[in-house]
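Below: one structure, written as structure tokens.
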Amino acid sequence: MAQNRSLAQTCHKILRHSQIVISTLRDLLSKGDSLNVLEVGFGQGRAIMELAWMFRSENVNFYGINKMVTSEAREREDLRETARRYQIMPEDAIAGFRLPEVFFYDAAKLHFADESIDLVYSAVSIRFIERKAEFLEEVCRVLKPGGIALLHIGESGWNYPHCQRLDTDLLTEHLNRFILKYKDELIPLPAYLKLFENGVFDFQFINSDKCVLEITKLASGTLNLHLKPDEKLSMSLRELQERHGLENPRGGFRCVYDIPENLYRQLFEKGLLTKDMSAIGV
């Protein structure tokens, strides 16, 4: 997590040269009077404070989650110093400003009620989460119908093809942080997620250079990906690269999951994968 990332930098990480978090929040506000917004990995709170100040006249509640307490972000009141440090608002507005609520825990288990959040966004931080599938399920649980999640999961090289895995624990040359497999076959994440839309969710990968997932919740419901973690192959990406002598190691945690046989078969039955191992329709 970049501790001091601005709102503009956060938007750019999710979708280049955009204001996607701002525009998405505006669109949601046009459909409802009161909204709940969650940033996963808020760092020092610069981005979420900028967003809260920008929408200070609207009925929006802001929440942030960090996994750990840091010297700059130990409690909610530290956000006032963040506002002062980055000159987010006039000095005379800082003392009385209603701060976002912040929490410190592993976001793989969100402490929010079912269907209580309108917008979830995150830049960079998800790559460090060690239970990414569980995190996606939790995001889908807490989203309200009509809600949207903007999740930056990883960097370039994320979209590995449907293919045979490498015969080492690298699995793929793409150095992905979220890998699905069935026996010795690698299953692309976009194709697999399509199995679970069912008129409840819409899953779109909106930034081809990076692994950025946009989730729109269309109706009430939850997500169960039916994935089994491979504890042996799931590991720190730096550890993996150092083990294989690769240069310029990249950070984050690689999660590897096995998919069940019945869902493997459904990928072909629904035309999401073909027997020549080329993904279509994703």
Side-chain angles (χ1 to χ4, degrees), residues 1 40-41 67-68 105-110 122 124-140 151-196 203 205 207-213 215 223-268 272-279 282:
M1 152 175 50
V40 176
K67 184 175 182 180
M68 296 179 293
Y105 60 78
D106 186 345
K109 179 64 176 177
L110 297 173
S122 182
V124 178
S125 299
I126 298 171
R127 70 182 183 181
F128 296 100
I129 292 178
E130 297 184 9
R131 292 177 290 161
K132 291 180 177 62
E134 294 86 338
F135 171 72
L136 288 188
E137 292 171 345
E138 280 290 277
V139 168
C140 289
L151 308 176
H152 169 237
I153 298 171
E155 297 297 322
S156 61
W158 67 274
N159 198 11
Y160 58 86
H162 178 214
C163 61
Q164 293 289 326
R165 56 166 284 187
L166 299 179
D167 60 2
T168 70
D169 59 9
L170 280 173
L171 297 179
T172 168
E173 296 175 351
H174 291 245
L175 292 178
N176 195 285
R177 296 177 176 86
F178 194 165
I179 294 179
L180 308 181
K181 63 185 180 71
Y182 175 74
K183 297 182 179 179
D184 289 332
E185 295 179 30
L186 301 184
I187 307 302
L189 180 61
Y192 190 73
L193 288 180
K194 287 293 180 183
L195 289 176
F196 300 92
F203 299 109
F205 287 84
N207 187 339
S208 60
D209 293 334
K210 300 175 182 178
C211 187
V212 179
L213 176 61
I215 304 172
L223 175 69
N224 184 346
L225 293 170
H226 302 282
L227 295 173
K228 180 181 179 181
D230 187 317
E231 304 292 354
K232 182 178 179 181
L233 291 173
S234 298
M235 67 184 73
S236 161
L237 205 57
R238 290 188 184 276
E239 175 188 345
L240 178 69
Q241 292 169 99
E242 290 169 357
R243 180 183 299 181
H244 291 272
L246 301 181
E247 297 180 357
N248 302 317
R250 298 162 63 187
F253 189 88
R254 184 185 72 173
C255 300
V256 181
Y257 295 92
D258 288 300
I259 73 170
E261 182 177 359
N262 65 313
L263 294 176
Y264 172 76
R265 294 184 183 278
Q266 285 186 35
L267 288 166
F268 298 99
L272 295 169
L273 294 180
T274 61
K275 292 298 182 181
D276 64 357
M277 292 194 174
S278 59
V282 297

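Predicted, not measured: the structure shown is a model, and the values here were computed from it. Starting from 1, each residue takes its place in the sequence as its number.
- Residues satisfying the ring-ring contact (aromatic ring centres under 6.0 Å, His included) test with Tyr264, not counting sequence neighbours, are Tyr182, Phe268.
- A heavy-atom distance below 4.5 Å is found between the side chains of Leu195 and Leu272.
- A search for ring-ring contact (aromatic ring centres under 6.0 Å, His included) contacts involving Phe135 returns nothing, not counting sequence neighbours.
- Partner of His152 under the side-chain contact (heavy atoms from CB on, under 4.5 Å) criterion, chosen from Val124, Ile126, Asn207: Val124.
- For Ser208, there are no side chain to side chain contact (heavy atoms under 4.5 Å, CB included) partners at least two apart in sequence or on another chain.
- Between Leu180 and Leu186, every side-chain heavy-atom pair lies at or beyond the 4.5 Å cut-off.
- Under the ring-ring contact (aromatic ring centres under 6.0 Å, His included) criterion, Phe203 pairs with Phe201, not counting sequence neighbours.
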Would you sort out whether Leu267 and Lys194 count as a side chain to side chain contact (heavy atoms under 4.5 Å, CB included), showing the intermediate values? CA-CA 9 Å; Leu267 288 166; Lys194 287 293 180 183; over 6 Å; no
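- Taking the salt bridge (Lys or Arg N to Asp or Glu O under 4.0 Å) definition, one finds that Arg165 meets it with nothing, sequence neighbours left out.
- Glu138 pairs by the side chain to side chain contact (heavy atoms under 4.5 Å, CB included) definition with Lys109, Leu110, Arg141, not counting sequence neighbours.
- For the side chain to side chain donor-acceptor pair (under 3.5 Å) test, no residue two or more places apart in sequence or in another chain qualifies with Glu130.
- Glu231 pairs by the salt bridge (Lys or Arg N to Asp or Glu O under 4.0 Å) definition with nothing, not counting sequence neighbours.
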Evaluate the criterion side chain to side chain contact (heavy atoms under 4.5 Å, CB included) for residue pair Leu193 and Leu225; output intermediate values, then yes/no. CA-CA 8 Å; Leu193 288 180; Leu225 293 170; 3.8 Å; yes
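- Taking the side chain to side chain contact (heavy atoms under 4.5 Å, CB included) definition, one finds that Asn262 meets it with Pro260, Gln266, sequence neighbours left out.
- Between Val256 and Pro229, every side-chain heavy-atom pair lies at or beyond the 4.5 Å cut-off.
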Evaluation steps, side chain to side chain contact (heavy atoms under 4.5 Å, CB included), between Arg177 and Phe128: CA-CA 9 Å; Arg177 296 177 176 86; Phe128 296 100; over 6 Å; no
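- Nearest heavy-atom pair across Cys211 and Phe205 is SG-CE2, 3.8 Å.
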From CA spacing to verdict: ring pair (Phe, Tyr, Trp, His ring centres under 6.0 Å), Phe178, Trp158: CA-CA 8 Å; Phe178 194 165; Trp158 67 274; over 10 Å; no
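- Each of Lys232, Arg254, His244 was scored for a side chain to side chain donor-acceptor pair (under 3.5 Å) with Asp169, with one residue passing: His244.
- Heavy-atom neighbours of Asn224 CG from other residues, nucleotides or ligands within 6.0 Å: above the threshold of 12.
- Considering only heavy atoms from C-beta on, Leu151 comes within 4.5 Å of Leu136 through its side chain.
- In this structure Lys181 satisfies the salt bridge (Lys or Arg N to Asp or Glu O under 4.0 Å) test together with Asp230, Asp258, sequence neighbours excluded.
- Considering CG of Leu233 and SG of Cys255, their distance stands at 12.0 Å, rounded to 0.5 Å.
- Side-chain atoms of Ile259 and His226, non-hydrogen and from C-beta on, never get closer than 4.5 Å to each other.
- Residues Ile179 and Leu189 are not in side-chain contact: their nearest non-hydrogen atoms beyond the backbone lie 4.5 Å or more apart.
- For the pair Asp184 and Asp167, the minimum side-chain heavy-atom distance is 4.5 Å or more.
- Of all the heavy atoms in Ser125 and Gly41, the pair that sits closest is OG-CA, 3.3 Å.
- Ring geometry for Tyr160 against His174 counts as perpendicular: the plane angle is over 60°, on a 0 to 90° scale with 30° as the lower cut.
- Glu155 is linked by a salt bridge (Lys or Arg N to Asp or Glu O under 4.0 Å) to Lys13, counting only residues two or more places apart in sequence or in another chain.
- In terms of heavy-atom proximity, Leu223 sits nearest to Glu137 at O-CG, 3.4 Å.
- One distance of note links CG of Asp106 with CE of Met68; it measures 10.5 Å at 0.5 Å rounding.
- Partners of Ser236 according to the side chain to side chain contact (heavy atoms under 4.5 Å, CB included) rule, which considers only residues two or more places apart in sequence or in another chain, are Arg238, Glu239.
- The minimum heavy-atom distance linking Ser122 with Val40 is given by the pair OG-O, 2.8 Å.
- Taking the side chain as every heavy atom from C-beta outward, Ile153 and Ile129 never approach each other to under 4.5 Å.
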